Enquirer: 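Before anything else, here's the structure in question.
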Amino acid sequence: MKIIFLGPPAVGKGTHAGKVAKGFGIPRISTGEMFREEAKAGTELGKKLNEYMEEGVLVPDEMVIEILRSRLGRDDCREGFILDGFPRTIEQAGALRNITATDLVVNMKASHETIIARISNRLTCRKCQAIYNTLFVKPKIEGVCDKCGGELYQREDQKPDIVKERLEVYERETAPLIDFYRDKGTLIDVSAEGDVEVVHKRITDAINEYIKGM
Ligand code: ADP
Ligand code: ZN
């Protein structure tokens, strides 16, 4: 299966893309995570990527597309993959089509209030990038990752001004992809409201339904 997860920042794409990928035994490919890893490594490319990310603007299409193309060319993608955070522009969607066909787009939806609540209380693990929320998905020990013991921090791009910018960028650049894929008949809408397990079931039910009709 080759699945794209679409949705605004903090809707829960990363969490759910990860769970679904695990279920299918295929990789989850998160461009945001790849970029943060590169930034952490301190390479020239990483420094450039970090500048865009910290401002909450998109990394230029040419850069993203090249990085993605080489990632999708790796062996572990042969049986399929889940894309989380790519494509984010019509340009990227066009490029993706030239790289490989995809089966399905899962469009995660939530109210503006839900998104703001999720994003502004979000903490990320410095070591393994696991995501927590001080309201809904609390770590067992404050400030410490359950999975790896790493330190939790608030990402620069999760501060209020930057969040506002990212939501605007999403509406302007990424939301048009919803109609783009809907017109092709490969898009399913899933409500992202509610607990992680409830949303996960909605997503897997919708995917299974889709597979039956394939
Ligand atoms: P979130 O999951 O919180 O929405 P991501 O981790 O997916 O955020 O992305 C963080 C940042 O990385 C984005 O704000 C953007 O600057 C950059 N980025 C990630 N994916 C892309 C992409 N496909 N195109 C352009 N920029 C991207
Ligand atoms: Zn961790």
Side-chain angles (χ1 to χ4, degrees), residues 4-18 28-40 45-72 81-96 99 102 105 107-108 110 114-133 137-177 192:
I4 298 168
F5 271 69
L6 209 62
V11 74
K13 289 193 301 290
T15 302
H16 292 287
R28 158 183 166 244
I29 299 177
S30 156
T31 39
E33 258 179 35
M34 287 170 71
F35 297 168
R36 282 190 292 279
E37 289 294 329
E38 190 72 35
K40 209 163 75 178
L45 174 63
K47 283 181 199 152
K48 241 191 264 166
L49 292 169
N50 205 41
E51 283 172 25
Y52 296 112
M53 289 193 285
E54 291 206 331
E55 279 177 37
V57 299
L58 293 183
V59 174
D61 286 333
E62 320 80 73
M63 282 175 84
V64 186
I65 291 164
E66 274 328 300
I67 293 172
L68 228 280
R69 187 195 305 282
S70 94
R71 179 66 188 86
L72 292 180
F81 50 77
I82 311 275
L83 288 177
D84 162 16
F86 182 93
R88 253 182 166 89
T89 64
I90 293 281
E91 177 83 26
Q92 292 178 15
L96 177 62
I99 300 172
T102 47
V105 179
N107 181 37
M108 295 184 65
T114 299
I115 296 194
I116 297 292
R118 285 184 185 169
I119 207 165
S120 41
N121 298 293
R122 189 142 100 148
L123 293 174
T124 306
C125 173
R126 267 194 210 285
K127 258 203 208 151
C128 77
Q129 310 232 18
I131 289 184
Y132 296 86
N133 184 295
V137 190
K138 288 187 206 158
K140 293 199 184 80
I141 304 168
E142 201 183 306
V144 179
C145 177
D146 292 348
K147 297 188 180 112
C148 79
E151 181 203 352
L152 304 182
Y153 75 111
Q154 184 176 45
R155 264 164 45 193
E156 204 53 45
D157 66 353
Q158 272 146 24
K159 304 199 164 146
D161 283 4
I162 306 294
V163 166
K164 189 162 166 279
E165 171 70 20
R166 288 168 65 205
L167 290 172
E168 284 167 15
V169 168
Y170 170 78
E171 285 304 330
R172 192 171 63 233
E173 308 280 347
T174 309
L177 290 177

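As the structure lists them, so they are numbered: ligands from 1, and atoms in each ligand from 1. Keep in mind it's a predicted model, so treat the numbers as computed, not measured.
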Enquirer: Near Arg155, which atoms of ligand 1 are under 4.0 Å from a heavy atom of that residue?
Expert: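 Within the 4.0 Å cut-off of Arg155, ligand 1 contributes 3 (O), 6 (O), 8 (O).
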Enquirer: If you count the atoms of ligand 1 from 1 in the order shown, which ones are under 4.0 Å from a heavy atom of Pro9?
Expert: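 With Pro9 as reference, the close atoms of ligand 1 come out as 4 (O).
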Enquirer: Give the contacting part of Glu165 toward ligand 1: side chain, backbone, both or neither, where contact means a heavy-atom distance below 4.0 Å.
Expert: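 Looking at Glu165 and ligand 1, no heavy atom falls under 4.0 Å.
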Enquirer: Go through ligand 1 atom by atom and flag the ones less than 4.0 Å from a non-hydrogen atom of Gln92.
Expert: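 Within the 4.0 Å cut-off of Gln92, ligand 1 contributes 22 (C), 23 (N), 24 (N), 25 (C).
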Enquirer: For atom 27 (C) of ligand 1, what's the nearest protein heavy-atom neighbour? Residue, atom name and distance, please.
Expert: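 Protein heavy atom at minimum distance: Phe35 CE1, 3.7 Å.
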Enquirer: Keeping Arg166 on the side-chain end and Asp157 on the backbone end, is there a donor-acceptor pair under 3.5 Å?
Expert: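 Checked: pair present.
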Enquirer: Backbone N or O of Gln92 within a donor-acceptor pair of the Asp61 side chain at under 3.5 Å?
Expert: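 The answer is no, because no donor-acceptor pair under 3.5 Å joins these two groups.
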Enquirer: Between Arg122 and ligand 1, find which residue part has any heavy-atom pair under 4.0 Å and reply side chain, backbone, both or neither.
Expert: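 Side chain only.
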Enquirer: Show the nearest heavy-atom pair for residues Gly56 and Val169, with the distance to one decimal.
Expert: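 What the structure gives for the nearest pair is O-CG2, 3.8 Å.
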Enquirer: Using a 3.5 Å distance criterion without hydrogens, assess whether the side chain of Lys40 forms a donor-acceptor pair with backbone atoms of Arg126.
Expert: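 Flag set: sc Lys40 to bb Arg126 pair under 3.5 Å.
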Enquirer: What are the atoms of ligand 1, with element, lying closer than 4.0 Å to any heavy atom of Thr31?
Expert: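 Listed by number with element, the hits are 19 (C), 20 (N), 21 (C), 23 (N).
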Enquirer: Test of understanding: given a 4.0 Å heavy-atom threshold, classify the contact between Val57 and ligand 1 as side chain, backbone, both, or neither.
Expert: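 Answer for Val57: backbone.
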Enquirer: On a heavy-atom basis, I'd like to know which of Met53, Met34, Gln129, Arg88 is closest to atom 5 (P) of ligand 1.
Expert: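 It is Arg88 whose heavy atom sits nearest to atom 5 (P) of ligand 1.
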Enquirer: I want to know if ligand 1 touches Pro87 in the polar sense, i.e. an N/O pair below 3.5 angstrom.
Expert: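 N/O-N/O distance under 3.5 Å: no.
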Enquirer: One thing to verify: whether Lys47 and Glu51 come together as a salt bridge, which I'm taking to mean a side-chain N less than 4.0 angstrom from a carboxylate O.
Expert: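 Between Lys47 and Glu51 there is no salt bridge, as every charged N stays at least 4.0 Å from the carboxylate O atoms.
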Enquirer: Nearest protein heavy atom to atom 26 (N) of ligand 1, by residue and atom, and its distance?
Expert: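 Minimum-distance protein heavy atom for atom 26 (N) of ligand 1 reads Val59 N, 3.0 Å.
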Enquirer: Could you go step by step and tell me if Phe5 and Leu83 meet the side chain to side chain contact (heavy atoms under 4.5 Å, CB included) rule?
Expert: CA-CA 6 Å; Phe5 271 69; Leu83 288 177; over 6 Å; no
Enquirer: Which atoms of ligand 1 sit under 4.0 Å from any heavy atom of Arg36?
Expert: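 Ligand 1 atoms under the 4.0 Å threshold to Arg36: 6 (O), 10 (C).
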Enquirer: Run the numbers for me: atoms of ligand 1, each under 4.0 Å from some heavy atom of Arg166, listed by number.
Expert: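 Close to Arg166: 1 (P), 3 (O), 4 (O), 8 (O), 14 (O).
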Enquirer: I'd like to check Met53 versus Asn50 (side-chain heavy atoms, cut-off strictly below 4.5 Å). Are they in contact?
Expert: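 A side-chain contact exists here, since the closest heavy-atom pair is under 4.5 Å.
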Enquirer: Can you find a heavy atom in the side chain of Ile90 that is under 4.5 Å from one in the side chain of Leu177?
Expert: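 The answer is yes; the side chains approach within 4.5 Å.
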Enquirer: Looking only at non-hydrogen atoms, find the nearest pair between Lys147 and Cys128 and report the distance.
Expert: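 Closest pair (atom of Lys147, atom of Cys128, distance): CB-SG, 4.5 Å.
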Enquirer: Mind checking whether Val64 contacts ligand 1 via backbone (N, CA, C, O), side chain (CB onward), both or neither, at a 4.0 Å heavy-atom cut-off?
Expert: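 Only the side chain of Val64 comes within reach of ligand 1.
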